[in-house]
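Please read the structure below before turning to the comments.
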Amino acid sequence: MSLNTAAQDVARRLRDGMAGGVLSFPLTSFTEDGSLDLDAYRAYLADQLATAPGAVFPACGTGEFTALDEDEYRQVVSAAVEVADGRMPVVAGIGYGWAQALRFARIAEEAGADAALVLPHYLLKAPQDGLVEQVRRIAAGTELPLIAYQRDQVAFTVESLRRIAEIPTVIGLKDGHSDLDRLQRLTLAAPDHLLFFNGAATAEVQARAYAAIGVPAYSSAVHAFAPEIANAFFTAFQNGDQARTDELLRGFYVPLVELRDRVPGYAVSLVKAAARLRGKPVGPVRAPLTEPGPEDLADLEKLLEAGLGLVGAGA
């Protein structure tokens, strides 16, 4: 079964966008007391989108989707649609069980999002038939094109991928497992219209390995706080500049991964702390995430300075 016309159009725009820029996963701005700070979010998002990412994915993992209530989610997605103003696709995160995911999908659809990223369902390990049915039930209740996201307890087999790819609104698969043997089998079995995304944590470190099996597009958490670094890496990567790519990996990305791995949740809270160091109005993380400690913050500040120095940018 082929994609419907609307899904084809979004898939085309995403394909074009990810060939020309990183995929932006913006942070969500909160005040010091934990309230949503929509004005700050709009200002932060405007700065992010001025650097021309290929697409923007609000209210996803980096945007603390699981910390948002439905009204906050509506405001975040609506703001992203307004700020993007048609310049790039807006793909909103949705998740939990299919019924709750569908509630978020309908909110995103009403807000004007172009597509939805189906985040891994809550808590349970499920058989393949259940993983497929989860996507089917969401697709049956919304017209939004869907990108499935496999990581943690969600991992599609070749047969399951074929089944969800038959759904007329499923346009892609984002992978966070980094099992390249398994992912290669999926890409070889998938229909030509299905888009694949590298969703590994700090995806740049594995960008070359993913690209070697046909998955060059990736999401960049670094873009959330240092688009100068993210775009410099993307340019070097796209141009096949191995020396420059190695320089950025060695001098910034690999040390960032080592720092990120010190504490669970740093994949988001460290990113938010780095954005604050750059003067971005993003505020703190919400529980259950915690802020980095003083020693880690000091190391982050030094690393950020080194990374910006590598690309000739100031703090």
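The analysis underlying the following values was restricted to heavy atoms, covering all of them including side chains, and did not include hydrogens, waters or symmetry mates.
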Quiz item: Applying the salt bridge (charged side-chain N to carboxylate O under 4.0 Å, His left out) test to Arg286, which of Glu32, Glu64, Glu72 qualifies?
Solution: Glu72
Quiz item: Quick check, are the ring centers of Tyr210 and Phe196 under 6.0 angstrom apart?
Solution: no
Self-check item: Contacts of type salt bridge (Lys or Arg N to Asp or Glu O under 4.0 Å), residue Asp129, not counting sequence neighbours
Solution: Arg163
Quiz item: Just by distance, do the side chain of Asp37 and the backbone of Thr31 share a donor-acceptor pair under 3.5 Å?
Solution: no
Quiz item: According to the salt bridge (charged side-chain N to carboxylate O under 4.0 Å, His left out) rule, which pairs have a member within residues 76-97, sequence neighbours left out?
Solution: Arg42-Glu82
Quiz item: Does His121 reach the main-chain N or O of Leu124 with its side chain, forming a donor-acceptor pair under 3.5 Å?
Solution: yes
Self-check item: Least distance between heavy atoms, Asp296 atom then Tyr266 atom
Solution: OD2-OH, 2.6 Å
Quiz item: Are Val10 and Val91 side-chain neighbours, meaning at least one heavy-atom pair lies under 4.5 Å?
Solution: no
Practice problem: Compute whether any side-chain donor of one residue and acceptor of the other, for Gln75 and Glu70, lie under 3.5 angstrom apart. | Solution: no
Quiz prompt | N-O pairing of Arg278 and Glu228 below 4.0 Å | solution = yes
Quiz item: Parallel, tilted or perpendicular for Phe233 and Phe237, by the 30°/60° rule?
Solution: parallel
Exercise. Look at Asp16 together with Arg13 and state whether they make a salt bridge at an N to O cut-off of under 4.0 Å.
Key: no
Self-check item: Partners passing salt bridge (Lys or Arg N to Asp or Glu O under 4.0 Å) against Arg151 (at least two apart in sequence or in another chain)
Solution: none
Quiz item: Where is the tightest heavy-atom contact between Leu161 and Ala190, given as atom of each residue plus distance?
Solution: CD2-CB, 4.1 Å
Self-check item: Criterion side chain to side chain contact (heavy atoms under 4.5 Å, CB included) on Tyr253 and Ile229, from CA distance to verdict
Solution: CA-CA 10 Å; Tyr253 283 97; Ile229 301 173; 3.7 Å; yes
Practice problem: Ignoring hydrogens and angles, tell me if any N or O in the side chain of Arg262 forms a donor-acceptor pair with the backbone of Pro292 under 3.5 Å. | Solution: no
Self-check item: Evaluation steps, side chain to side chain contact (heavy atoms under 4.5 Å, CB included), between Phe30 and Val285
Solution: CA-CA 7 Å; Phe30 301 122; Val285 293; over 6 Å; no
Quiz item: Can you find a pair of side-chain heavy atoms, one from Phe225 and one from Arg276, that are under 4.5 Å apart?
Solution: no
Quiz item: Can you get from Leu102 to Ile171 by hopping between Ile, Leu, Val, Met, Phe, Trp and Tyr side chains that sit under 4.5 Å apart?
Solution: yes
Quiz item: Have Gln206 and Ser178 got a donor and an acceptor in their side chains that come within less than 3.5 Å?
Solution: yes
Self-check item: Close aromatic pair by centroid cut-off 6.0 Å: Phe25 and Phe57
Solution: yes
Exercise. Using a strict 4.0 Å threshold on nitrogen-to-oxygen distance, state whether Lys272 and Glu291 make a salt bridge.
Key: no
Quiz prompt | Pairs involving residues 131-182, ordered by first then second residue, that meet ring pair (Phe, Tyr, Trp, His ring centres under 6.0 Å) (sequence neighbours left out) | solution = none
Quiz prompt | Polar side chain donor-acceptor pair, Gln184 to Thr187, under 3.5 angstrom | solution = yes
Quiz item: Is it the case that one hydrophobic cluster holds both Leu249 and Leu270, taking links as side-chain heavy atoms less than 4.5 Å apart, direct or via other members?
Solution: yes
Practice problem: Just say parallel, tilted or perpendicular for the rings of Phe234 and Tyr218, cut-offs at 30° and 60°. | Solution: tilted
Quiz prompt | Distance-only polar pair, side chains of Thr66 and Tyr96, donor-acceptor under 3.5 Å | solution = no
Quiz item: Is it true that a side-chain atom of Ser29 and a backbone atom of Pro281 form a donor plus acceptor pair closer than 3.5 Å?
Solution: yes
Quiz item: Do Thr169 and Glu143 have a side chain donor and acceptor closer than 3.5 Å?
Solution: no
Quiz prompt | Worked verdict on Glu110 versus Arg106 for salt bridge (charged side-chain N to carboxylate O under 4.0 Å, His left out) | solution = CA-CA 6 Å; Glu110 291 169 1; Arg106 288 170 175 163; over 6 Å; no
Self-check item: Pair listing, salt bridge (charged side-chain N to carboxylate O under 4.0 Å, His left out) test, anchored in residues 236-248, at least two apart
Solution: Arg208-Asp246, Arg244-Glu247
Quiz item: So, do Phe65 and Pro58 sit near enough that their side-chain heavy atoms are less than 4.5 Å apart?
Solution: no
Quiz item: Under 4.5 Å between side-chain heavy atoms, hopping through other hydrophobics if needed: is there a path connecting Leu144 to Leu3?
Solution: no
Quiz item: What pairs of residues pass the salt bridge (charged side-chain N to carboxylate O under 4.0 Å, His left out) test when at least one of them lies in residues 182-193, not counting sequence neighbours?
Solution: Asp181-Arg185
Quiz prompt | Single-linkage hydrophobic cluster, 4.5 Å side-chain cutoff, Val271 and Leu289 together | solution = no
